[in-house]
Amino acid sequence: MSREIRPDHSSPDPALLQARSPESYTCSCFGLTSRDPGSQPRQAPPPTWLRAEHGAVTRLCSVSSYSVNLLCGAMDPPGFTASLVAGGVAGASVDLILFPLDTIKTRLQSPQGFNKAGGFRGIYAGVPSAAIGSFPNAAAFFITYEYVKWLVHSESSSYLTPVKHMLAASAGEVVACLIRVPSEVVKQRAQVSASTRTFKIFSNILREEGIQGLYRGYKSTVLREIPFSLVQFPLWESLKALWSWRQDHVVDSWQSAVCGAFAGGCAAAVTTPLDVAKTRIMLAKAGSSTARGNVLSALHGVWRSQGLAGSSKFTDCVEVTSAMEL
(Lines give C-alpha, C1' and ligand atoms only; values in the text may rest on other atoms or scores of the structure.)
Protein backbone atom coordinates (compact mmCIF):
# COMPACT_ATOMS: atom_id res chain seq x y z
CA MET A 1 0.00 0.00 0.00
CA SER A 2 1.27 3.45 -0.90
CA ARG A 3 0.20 6.86 0.31
CA GLU A 4 1.38 10.36 -0.46
CA ILE A 5 1.78 12.97 2.26
CA ARG A 6 1.73 16.68 1.50
CA PRO A 7 2.76 19.45 3.85
CA ASP A 8 -0.21 21.31 5.28
CA HIS A 9 0.15 24.68 3.56
CA SER A 10 -2.65 26.12 5.67
CA SER A 11 -0.73 25.53 8.90
CA PRO A 12 1.34 28.33 10.44
CA ASP A 13 4.49 26.39 9.63
CA PRO A 14 4.36 24.73 6.20
CA ALA A 15 7.62 22.91 7.00
CA LEU A 16 5.71 20.54 9.29
CA LEU A 17 4.54 17.31 7.77
CA GLN A 18 1.43 15.71 9.21
CA ALA A 19 1.42 11.94 8.76
CA ARG A 20 -2.08 10.49 8.79
CA SER A 21 -1.09 7.06 10.08
CA PRO A 22 0.90 5.86 13.10
CA GLU A 23 2.66 3.51 10.68
CA SER A 24 4.64 6.34 9.09
CA TYR A 25 8.33 5.75 8.55
CA THR A 26 10.53 8.76 8.17
CA CYS A 27 14.12 9.81 7.97
CA SER A 28 16.09 11.17 10.92
CA CYS A 29 18.74 12.56 8.58
CA PHE A 30 16.23 15.14 7.33
CA GLY A 31 14.78 15.90 10.75
CA LEU A 32 11.98 13.34 10.41
CA THR A 33 11.51 10.25 12.51
CA SER A 34 9.14 7.29 12.84
CA ARG A 35 6.06 8.13 14.92
CA ASP A 36 3.98 6.33 17.45
CA PRO A 37 0.31 7.22 18.04
CA GLY A 38 0.02 10.59 19.66
CA SER A 39 3.56 11.73 18.89
CA GLN A 40 4.21 15.17 17.45
CA PRO A 41 5.58 15.69 13.93
CA ARG A 42 9.18 16.77 13.66
CA GLN A 43 10.72 19.47 11.51
CA ALA A 44 10.94 18.53 7.85
CA PRO A 45 12.55 20.02 4.74
CA PRO A 46 10.81 22.84 2.84
CA PRO A 47 7.40 21.94 1.28
CA THR A 48 7.73 18.78 -0.75
CA TRP A 49 5.99 15.51 -1.43
CA LEU A 50 6.69 12.31 0.46
CA ARG A 51 5.52 8.86 -0.49
CA ALA A 52 5.47 6.16 2.20
CA GLU A 53 5.46 2.62 0.90
CA HIS A 54 6.31 -0.66 2.64
CA GLY A 55 8.18 1.05 5.45
CA ALA A 56 10.30 3.36 3.26
CA VAL A 57 9.85 7.06 2.59
CA THR A 58 10.61 8.57 -0.80
CA ARG A 59 11.13 12.30 -1.08
CA LEU A 60 10.06 13.84 -4.37
CA CYS A 61 11.43 17.32 -5.01
CA SER A 62 11.31 19.60 -8.01
CA VAL A 63 14.86 18.71 -9.04
CA SER A 64 14.84 14.93 -8.76
CA SER A 65 13.18 12.10 -6.92
CA TYR A 66 15.22 9.93 -4.64
CA SER A 67 14.83 7.74 -1.64
CA VAL A 68 15.95 9.22 1.63
CA ASN A 69 16.80 5.69 2.67
CA LEU A 70 20.10 6.37 0.95
CA LEU A 71 20.85 8.71 3.82
CA CYS A 72 19.29 6.83 6.71
CA GLY A 73 18.25 3.31 7.57
CA ALA A 74 14.91 2.51 5.96
CA MET A 75 15.65 0.52 2.83
CA ASP A 76 13.85 -1.49 0.21
CA PRO A 77 15.52 -4.77 -0.80
CA PRO A 78 18.57 -3.89 -2.91
CA GLY A 79 18.67 -4.46 -6.66
CA PHE A 80 21.16 -7.29 -6.89
CA THR A 81 21.40 -7.19 -10.67
CA ALA A 82 22.16 -3.46 -10.59
CA SER A 83 24.76 -3.96 -7.84
CA LEU A 84 26.41 -6.80 -9.75
CA VAL A 85 26.57 -5.04 -13.11
CA ALA A 86 27.38 -1.54 -11.84
CA GLY A 87 29.94 -2.73 -9.30
CA GLY A 88 31.56 -5.14 -11.74
CA VAL A 89 31.83 -2.66 -14.60
CA ALA A 90 33.11 0.11 -12.33
CA GLY A 91 35.69 -2.16 -10.68
CA ALA A 92 36.95 -3.57 -13.97
CA SER A 93 37.17 -0.11 -15.56
CA VAL A 94 39.14 1.37 -12.67
CA ASP A 95 41.53 -1.59 -12.42
CA LEU A 96 42.33 -1.56 -16.12
CA ILE A 97 42.63 2.20 -16.50
CA LEU A 98 44.89 2.55 -13.47
CA PHE A 99 46.86 -0.65 -14.07
CA PRO A 100 50.16 1.14 -14.88
CA LEU A 101 50.02 2.93 -11.51
CA ASP A 102 49.30 -0.37 -9.81
CA THR A 103 52.38 -1.91 -11.45
CA ILE A 104 54.55 0.98 -10.26
CA LYS A 105 53.16 0.58 -6.74
CA THR A 106 53.89 -3.17 -6.70
CA ARG A 107 57.46 -2.65 -7.91
CA LEU A 108 58.05 0.03 -5.29
CA GLN A 109 56.86 -2.41 -2.62
CA SER A 110 58.79 -5.43 -3.92
CA PRO A 111 61.85 -6.66 -1.94
CA GLN A 112 64.23 -6.42 -4.95
CA GLY A 113 63.52 -2.74 -5.42
CA PHE A 114 61.83 -0.69 -8.14
CA ASN A 115 64.52 -0.89 -10.84
CA LYS A 116 65.30 -4.60 -10.47
CA ALA A 117 61.59 -5.38 -10.46
CA GLY A 118 61.28 -3.80 -13.92
CA GLY A 119 61.19 -0.05 -13.38
CA PHE A 120 58.95 1.57 -15.96
CA ARG A 121 59.32 -1.32 -18.43
CA GLY A 122 56.41 -3.62 -19.16
CA ILE A 123 53.94 -1.71 -17.01
CA TYR A 124 51.06 -3.83 -18.35
CA ALA A 125 52.61 -7.11 -17.22
CA GLY A 126 49.96 -9.13 -15.40
CA VAL A 127 47.01 -7.32 -16.93
CA PRO A 128 45.27 -10.58 -18.03
CA SER A 129 44.96 -11.61 -14.38
CA ALA A 130 43.48 -8.22 -13.46
CA ALA A 131 41.10 -8.33 -16.43
CA ILE A 132 39.78 -11.76 -15.43
CA GLY A 133 39.46 -11.05 -11.71
CA SER A 134 38.27 -7.44 -11.60
CA PHE A 135 34.63 -7.87 -12.63
CA PRO A 136 33.69 -10.79 -10.33
CA ASN A 137 35.73 -9.30 -7.47
CA ALA A 138 34.00 -5.90 -7.61
CA ALA A 139 30.60 -7.47 -8.24
CA ALA A 140 30.95 -9.78 -5.22
CA PHE A 141 31.91 -6.85 -3.02
CA PHE A 142 29.03 -4.57 -3.97
CA ILE A 143 26.39 -7.30 -3.88
CA THR A 144 27.51 -8.22 -0.37
CA TYR A 145 27.84 -4.57 0.66
CA GLU A 146 24.34 -3.62 -0.47
CA TYR A 147 22.76 -6.79 0.90
CA VAL A 148 24.32 -6.40 4.37
CA LYS A 149 23.28 -2.72 4.47
CA TRP A 150 19.72 -3.80 3.73
CA LEU A 151 19.90 -6.74 6.15
CA VAL A 152 21.04 -4.68 9.15
CA HIS A 153 19.06 -1.52 8.35
CA SER A 154 17.67 0.36 11.28
CA GLU A 155 15.04 3.06 11.55
CA SER A 156 16.69 4.46 14.66
CA SER A 157 18.96 7.45 14.99
CA SER A 158 21.31 8.24 12.15
CA TYR A 159 24.38 7.98 14.36
CA LEU A 160 24.23 4.20 13.81
CA THR A 161 24.51 4.62 10.04
CA PRO A 162 28.36 4.63 9.93
CA VAL A 163 28.39 1.40 11.95
CA LYS A 164 26.07 -0.18 9.38
CA HIS A 165 28.36 0.90 6.56
CA MET A 166 31.41 -0.46 8.40
CA LEU A 167 29.76 -3.85 8.90
CA ALA A 168 28.63 -3.99 5.27
CA ALA A 169 32.04 -2.99 3.92
CA SER A 170 33.86 -5.53 6.12
CA ALA A 171 31.56 -8.34 5.01
CA GLY A 172 32.01 -7.27 1.40
CA GLU A 173 35.79 -7.40 1.67
CA VAL A 174 35.84 -10.87 3.26
CA VAL A 175 33.71 -12.25 0.41
CA ALA A 176 35.48 -10.32 -2.37
CA CYS A 177 38.93 -11.44 -1.20
CA LEU A 178 37.99 -15.04 -2.05
CA ILE A 179 38.15 -13.90 -5.68
CA ARG A 180 40.66 -11.06 -5.35
CA VAL A 181 43.55 -12.88 -3.68
CA PRO A 182 44.26 -15.53 -6.38
CA SER A 183 44.06 -12.84 -9.04
CA GLU A 184 46.29 -10.54 -6.98
CA VAL A 185 48.95 -13.21 -6.36
CA VAL A 186 49.29 -14.00 -10.07
CA LYS A 187 49.13 -10.33 -11.08
CA GLN A 188 51.78 -9.13 -8.62
CA ARG A 189 54.22 -11.89 -9.52
CA ALA A 190 53.75 -11.05 -13.19
CA GLN A 191 54.33 -7.36 -12.46
CA VAL A 192 57.78 -8.02 -10.97
CA SER A 193 58.64 -10.64 -13.66
CA ALA A 194 57.60 -8.85 -16.80
CA SER A 195 59.42 -11.34 -19.05
CA THR A 196 57.31 -14.27 -17.80
CA ARG A 197 53.84 -14.84 -19.20
CA THR A 198 50.90 -14.62 -16.82
CA PHE A 199 49.62 -18.13 -17.60
CA LYS A 200 53.04 -19.64 -16.92
CA ILE A 201 53.16 -17.92 -13.53
CA PHE A 202 49.70 -19.29 -12.74
CA SER A 203 50.80 -22.81 -13.76
CA ASN A 204 53.98 -22.60 -11.69
CA ILE A 205 52.04 -21.61 -8.58
CA LEU A 206 49.66 -24.55 -8.98
CA ARG A 207 52.49 -27.00 -9.63
CA GLU A 208 54.75 -25.86 -6.78
CA GLU A 209 52.27 -24.76 -4.10
CA GLY A 210 48.85 -25.99 -5.18
CA ILE A 211 45.61 -24.10 -4.56
CA GLN A 212 47.01 -22.93 -1.22
CA GLY A 213 49.65 -20.95 -3.11
CA LEU A 214 46.95 -18.95 -4.88
CA TYR A 215 45.54 -17.96 -1.50
CA ARG A 216 48.84 -17.01 0.07
CA GLY A 217 48.32 -13.64 1.68
CA TYR A 218 44.56 -14.02 2.13
CA LYS A 219 44.70 -13.10 5.82
CA SER A 220 47.04 -10.17 5.19
CA THR A 221 44.81 -8.96 2.34
CA VAL A 222 41.70 -9.07 4.52
CA LEU A 223 43.67 -7.39 7.31
CA ARG A 224 44.49 -4.58 4.90
CA GLU A 225 41.15 -4.32 3.09
CA ILE A 226 38.90 -4.21 6.16
CA PRO A 227 40.60 -1.15 7.75
CA PHE A 228 40.65 0.42 4.28
CA SER A 229 36.89 -0.06 3.92
CA LEU A 230 36.22 1.00 7.51
CA VAL A 231 37.73 4.36 6.60
CA GLN A 232 36.60 4.68 2.99
CA PHE A 233 32.94 3.69 2.89
CA PRO A 234 31.56 5.42 6.00
CA LEU A 235 33.45 8.55 4.97
CA TRP A 236 32.15 8.28 1.40
CA GLU A 237 28.55 7.75 2.52
CA SER A 238 28.78 10.58 5.05
CA LEU A 239 30.20 13.01 2.50
CA LYS A 240 27.43 12.15 0.03
CA ALA A 241 24.78 12.58 2.71
CA LEU A 242 26.23 15.95 3.75
CA TRP A 243 26.46 17.18 0.17
CA SER A 244 22.89 16.03 -0.53
CA TRP A 245 21.66 17.83 2.57
CA ARG A 246 23.47 21.04 1.69
CA GLN A 247 22.10 21.24 -1.87
CA ASP A 248 18.69 19.71 -0.99
CA HIS A 249 18.83 16.99 -3.65
CA VAL A 250 20.71 13.79 -4.24
CA VAL A 251 24.33 14.08 -5.33
CA ASP A 252 25.13 13.78 -9.02
CA SER A 253 27.50 11.10 -10.33
CA TRP A 254 30.48 13.44 -10.46
CA GLN A 255 29.83 14.60 -6.92
CA SER A 256 29.71 11.00 -5.70
CA ALA A 257 33.01 10.42 -7.52
CA VAL A 258 34.62 13.40 -5.78
CA CYS A 259 33.45 12.10 -2.39
CA GLY A 260 34.74 8.63 -3.20
CA ALA A 261 38.10 9.93 -4.39
CA PHE A 262 38.67 11.89 -1.20
CA ALA A 263 37.57 8.97 0.98
CA GLY A 264 39.74 6.51 -0.95
CA GLY A 265 42.80 8.74 -0.74
CA CYS A 266 42.44 9.05 3.02
CA ALA A 267 42.00 5.29 3.42
CA ALA A 268 45.03 4.55 1.23
CA ALA A 269 47.26 6.87 3.25
CA VAL A 270 46.29 5.10 6.47
CA THR A 271 46.65 1.50 5.26
CA THR A 272 49.74 1.62 3.01
CA PRO A 273 52.06 -0.17 5.51
CA LEU A 274 49.62 -3.09 5.56
CA ASP A 275 49.57 -3.04 1.75
CA VAL A 276 53.37 -3.27 1.66
CA ALA A 277 53.26 -6.27 4.01
CA LYS A 278 50.64 -7.95 1.81
CA THR A 279 52.78 -7.49 -1.29
CA ARG A 280 55.90 -8.85 0.44
CA ILE A 281 53.99 -11.95 1.56
CA MET A 282 52.58 -12.63 -1.91
CA LEU A 283 55.97 -12.18 -3.60
CA ALA A 284 58.03 -14.14 -1.06
CA LYS A 285 59.67 -17.40 -2.11
CA ALA A 286 57.82 -20.54 -1.10
CA GLY A 287 59.04 -21.86 2.23
CA SER A 288 60.52 -18.55 3.42
CA SER A 289 59.55 -16.98 6.73
CA THR A 290 57.74 -14.12 4.98
CA ALA A 291 55.66 -16.57 2.93
CA ARG A 292 54.07 -17.84 6.15
CA GLY A 293 51.84 -14.77 6.14
CA ASN A 294 52.82 -13.00 9.35
CA VAL A 295 52.16 -9.29 8.77
CA LEU A 296 54.27 -8.05 11.68
CA SER A 297 57.16 -10.24 10.55
CA ALA A 298 56.92 -8.83 7.03
CA LEU A 299 56.92 -5.23 8.31
CA HIS A 300 59.82 -6.00 10.61
CA GLY A 301 61.70 -7.43 7.64
CA VAL A 302 61.28 -4.16 5.74
CA TRP A 303 62.63 -2.19 8.70
CA ARG A 304 65.50 -4.62 9.35
CA SER A 305 66.68 -4.79 5.73
CA GLN A 306 66.12 -1.18 4.66
CA GLY A 307 65.95 0.91 7.82
CA LEU A 308 65.15 4.55 7.09
CA ALA A 309 65.08 3.75 3.38
CA GLY A 310 62.11 1.53 4.15
CA SER A 311 60.37 4.55 5.62
CA SER A 312 60.86 6.45 2.38
CA LYS A 313 59.49 3.40 0.54
CA PHE A 314 56.35 3.65 2.64
CA THR A 315 56.15 7.35 1.79
CA ASP A 316 56.51 6.68 -1.95
CA CYS A 317 53.87 3.97 -1.80
CA VAL A 318 51.50 6.24 0.14
CA GLU A 319 51.79 8.83 -2.62
CA VAL A 320 51.25 6.33 -5.45
CA THR A 321 48.43 4.46 -3.70
CA SER A 322 46.64 7.69 -2.75
CA ALA A 323 46.97 8.90 -6.33
CA MET A 324 45.40 5.66 -7.54
CA GLU A 325 42.45 6.04 -5.21
CA LEU A 326 41.96 9.69 -6.17
Side-chain angles (χ1 to χ4, degrees), residues 88-138 176-177 179-209 213-218 220-221 224-225 228 264-265 268 271-288 290-291 298 301-302 305-306 309-310 312-326:
V89 170
S93 300
V94 170
D95 285 347
L96 294 177
I97 292 172
L98 298 181
F99 191 85
L101 278 178
D102 185 67
T103 300
I104 293 171
K105 181 196 73 170
T106 300
R107 292 174 179 177
L108 282 170
Q109 295 174 342
S110 65
Q112 63 262 54
F114 179 72
N115 291 325
K116 290 184 179 180
F120 291 102
R121 303 183 305 276
I123 57 176
Y124 280 96
V127 73
S129 178
I132 293 172
S134 290
F135 186 97
N137 161 48
C177 281
I179 301 171
R180 180 182 306 152
V181 171
S183 173
E184 190 79 0
V185 169
V186 175
K187 181 199 72 175
Q188 291 199 328
R189 294 189 188 183
Q191 286 173 326
V192 299
S193 305
S195 59
T196 308
R197 298 185 64 180
T198 301
F199 182 76
K200 185 176 181 180
I201 292 174
F202 174 73
S203 300
N204 289 341
I205 294 173
L206 286 180
R207 185 178 64 254
E208 297 173 6
E209 303 177 63
L214 291 174
Y215 280 94
R216 188 206 292 180
Y218 177 81
S220 60
T221 303
R224 184 262 179 183
E225 297 295 346
F228 187 97
T271 59
T272 292
L274 295 173
D275 193 49
V276 173
K278 172 191 72 76
T279 300
R280 292 297 180 94
I281 290 170
M282 289 182 172
L283 297 179
K285 293 181 179 180
S288 65
T290 304
V302 174
S305 62
Q306 296 177 288
S312 64
K313 180 183 292 289
F314 282 139
T315 303
D316 293 340
C317 292
V318 167
E319 294 172 354
V320 174
T321 307
S322 299
M324 288 176 60
E325 296 301 328
L326 290 170

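- Taking each heavy atom of Pro136 and Ile179 in turn, the nearest pair found is O-CD1, 3.6 Å.
- Rounded to the nearest 0.5 Å, atoms CG (Leu214) and CG (Leu206) are 5.0 Å apart.
- One distance of note links CG of Asn115 with CZ of Arg107; it measures 10.5 Å at 0.5 Å rounding.
- Considering every non-hydrogen atom in both Ala291 and Ala284, the closest pair reads N-CB, 3.7 Å.
- For the pair Arg180 (side chain) and Gly133 (backbone), a donor-acceptor distance under 3.5 Å is absent.
- The two residues Ile205 and Gly213 have their closest heavy-atom pair at CG2-C, 3.8 Å.
- To the nearest 0.5 Å, the span separating OG1 on Thr221 from CZ on Arg216 amounts to 11.5 Å.
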All N/O donor-acceptor pairs, side-chain side in residues 181-194, below 3.5 Å, sequence neighbours left out:
from, atom 1, to, atom 2, distance (Å)
Ser183, OG, Ser129, O, 3.0
Ser183, OG, Ser129, OG, 3.3
Glu184, OE1, Lys187, NZ, 3.0
Glu184, OE2, Lys187, NZ, 3.3
Glu184, OE2, Gln188, NE2, 3.3
Glu184, OE2, Lys278, NZ, 3.2
Lys187, NZ, Asp102, OD2, 2.7
Gln188, NE2, Thr279, OG1, 3.4
Arg189, NE, Met282, O, 3.0
Arg189, NH1, Glu209, OE2, 3.3
Arg189, NH2, Met282, O, 3.1
Gln191, OE1, Thr106, OG1, 2.8
Gln191, NE2, Asp102, OD2, 3.0
Gln191, NE2, Thr103, OG1, 3.2
Ser193, OG, Arg189, O, 3.3

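- Other residues, nucleotides and ligands contribute only 12 or fewer heavy atoms inside 6.0 Å of the CZ atom of Phe202.
- Not one N or O on the side chain of Arg224 forms a donor-acceptor pair closer than 3.5 Å with the backbone of Ala277.
- The two residues Ala138 and Gly91 have their closest heavy-atom pair at CB-CA, 3.6 Å.
- Smallest separation of non-hydrogen atoms from Pro128 and Thr198: CD-OG1, 3.8 Å.
- Ring orientation note: the planes of Phe99 and Tyr124 are close to parallel, at an angle under 30° on the 30°/60° scale.
- Separation of atoms CG (Asn204) and OG1 (Thr196) is listed at 8.0 Å; rounding is to 0.5 Å.
- Counting only heavy atoms from C-beta outward, the side chains of Lys105 and Asp275 approach each other to under 4.5 Å.
- Of all the heavy atoms in Ser220 and Gly217, the pair that sits closest is OG-O, 2.9 Å.
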